[in-house]
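Just so you know, these numbers use all the heavy atoms, side chains as well, and skip hydrogens, waters and symmetry mates.
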Amino acid sequence: MNQGAEDERLFVALQRGDKKAFNTFFLRYYPVLCAYATQFVGMIDAEEIIQDMMVGIWEHRKEIVVESSLNGYLFRAVKNKCINHIEKFRLHEQVYSFIASNWQSRFEDPDFYIVEELTQKIEEALEKLPQTYREAFVLNRIDGKTYNEIATTLGVSSKTVDYRIQQALKSLRIELKDYLPL
């Protein structure tokens, strides 16, 4: 029996809720997926990403549909999760940089923890925005792109970009009201 067919049977058993099959699956794929993930992120992040992915596979085992090969599905999933992790880290860095350059100058002696807390609150508020609003807002306010550039990138009108940014600002004002100056 070839390895691919054996893995497919193992995955089908896992999907039926067989915990032993899941344990075998985990032991077989965890090291190789961690090694693959380290091409994108550090080892600690790789391990966390793969552990979260394995938990997600178990929790959503009945909904998972593998279109082509199990290996292809798993490696694509790891790559996507690593890219999402990198994007989230990039957003964190951009928000922190934006706050540091634009807010710290307004305070004589800013407390590091206030900036860190504010960064966290802004990130949380941005995560709560609908993806289309968040995308337009980040491209404009953090990446510095014009409405026309954003419209071209997203394939929408500049009026749509304006609306999305206005809605994002409205939501952020509500979400961050306790942190805004009077």
Side-chain angles (χ1 to χ4, degrees), residues 33 36-42 44-65 67 73-107 109-182:
L33 293 176
Y36 179 66
T38 59
Q39 294 179 22
F40 305 100
V41 298
I44 292 172
D45 289 334
E47 289 176 344
E48 187 175 319
I49 288 168
I50 302 307
Q51 288 169 10
D52 288 345
M53 188 176 109
M54 290 294 189
V55 169
I57 287 172
W58 178 254
E59 290 176 345
H60 302 286
R61 64 189 175 274
K62 293 178 182 175
E63 297 101 44
I64 296 174
V65 176
E67 302 265 335
Y73 172 83
L74 292 171
F75 283 94
R76 234 181 354 271
V78 169
K79 182 177 179 181
N80 290 338
K81 288 187 177 299
C82 288
I83 289 170
N84 289 342
H85 176 80
I86 291 166
E87 282 298 310
K88 187 174 181 179
F89 180 76
R90 184 184 71 85
L91 179 61
H92 173 81
E93 290 297 311
Q94 287 177 330
V95 167
Y96 187 82
S97 176
F98 178 78
I99 289 171
S101 65
N102 293 307
W103 284 77
Q104 280 187 336
S105 63
R106 296 181 186 176
F107 302 102
D109 185 24
D111 184 354
F112 170 78
Y113 297 103
I114 292 172
V115 174
E116 188 67 26
E117 179 182 353
L118 183 57
T119 301
Q120 182 67 31
K121 294 297 180 187
I122 290 173
E123 286 176 3
E124 290 170 5
L126 284 172
E127 287 293 322
K128 289 181 183 178
L129 292 174
Q131 181 182 356
T132 55
Y133 295 178
R134 180 176 56 245
E135 188 173 41
F137 180 83
V138 168
L139 286 170
N140 178 251
R141 299 301 168 104
I142 295 177
D143 293 345
K145 298 205 181 291
T146 66
Y147 283 20
N148 288 335
E149 290 172 329
I150 297 167
T152 301
T153 301
L154 300 179
V156 298
S157 72
S158 60
K159 290 239 184 245
T160 300
V161 171
D162 179 52
Y163 174 78
R164 290 176 180 177
I165 291 173
Q166 294 307 316
Q167 293 303 310
L169 286 169
K170 185 190 295 184
S171 294
L172 291 172
R173 277 188 208 104
I174 292 168
E175 197 68 33
L176 300 170
K177 68 182 181 298
D178 295 337
Y179 294 90
L180 296 174
L182 297 176

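- Smallest separation of non-hydrogen atoms from S171 and L129: CB-CD2, 3.5 Å.
- Atom-to-atom distance recorded for N148:CG and S157:OG is 10.0 Å, nearest 0.5 angstrom.
- One distance of note links CG of D45 with OG1 of T38; it measures 11.0 Å at 0.5 Å rounding.
- Residue E124 holds its CD atom at 8.5 Å from CD of E175, rounded to the nearest 0.5 Å.
- The side-chain heavy atoms of F40 and K79, taken from C-beta on, include a pair separated by under 4.5 Å.
- Here the shortest heavy-atom pairing between A77 and M53 reads CB-SD, 3.9 Å.
- Distance check, rounded to the nearest 0.5 Å: OG1 of T132 to CZ of R164 gives 4.5 Å.
- Dense packing is recorded around CD of Q39, with more than 12 heavy atoms of other residues, nucleotides or ligands lying under 6.0 Å away.
- Every residue meeting the salt bridge (charged side-chain N to carboxylate O under 4.0 Å, His left out) condition with R90, not counting sequence neighbours, appears here in chain and number order: E87, D143.
- Between L139 and L154, some side-chain heavy-atom pair lies under the 4.5 Å cut-off.
- Between A37 and C82, the closest heavy-atom pair is CB-SG, 3.7 Å.
- A 4.5 Å side-chain heavy-atom check between D52 and K81 finds every atom pair outside the cut-off.
- Separation of atoms CD1 (I49) and CG (L33) is listed at 11.5 Å; rounding is to 0.5 Å.
- Using a 4.5 Å cut-off on side-chain heavy atoms (C-beta onward), Y36 and L74 make no contact.
- Taking each heavy atom of R141 and I165 in turn, the nearest pair found is NH2-CG2, 4.1 Å.
- More than 12 heavy-atom neighbours from other residues, nucleotides or ligands sit within 6.0 angstrom of CD on Q167.
- To the nearest 0.5 Å, the span separating NZ on K128 from CD1 on I174 amounts to 11.5 Å.
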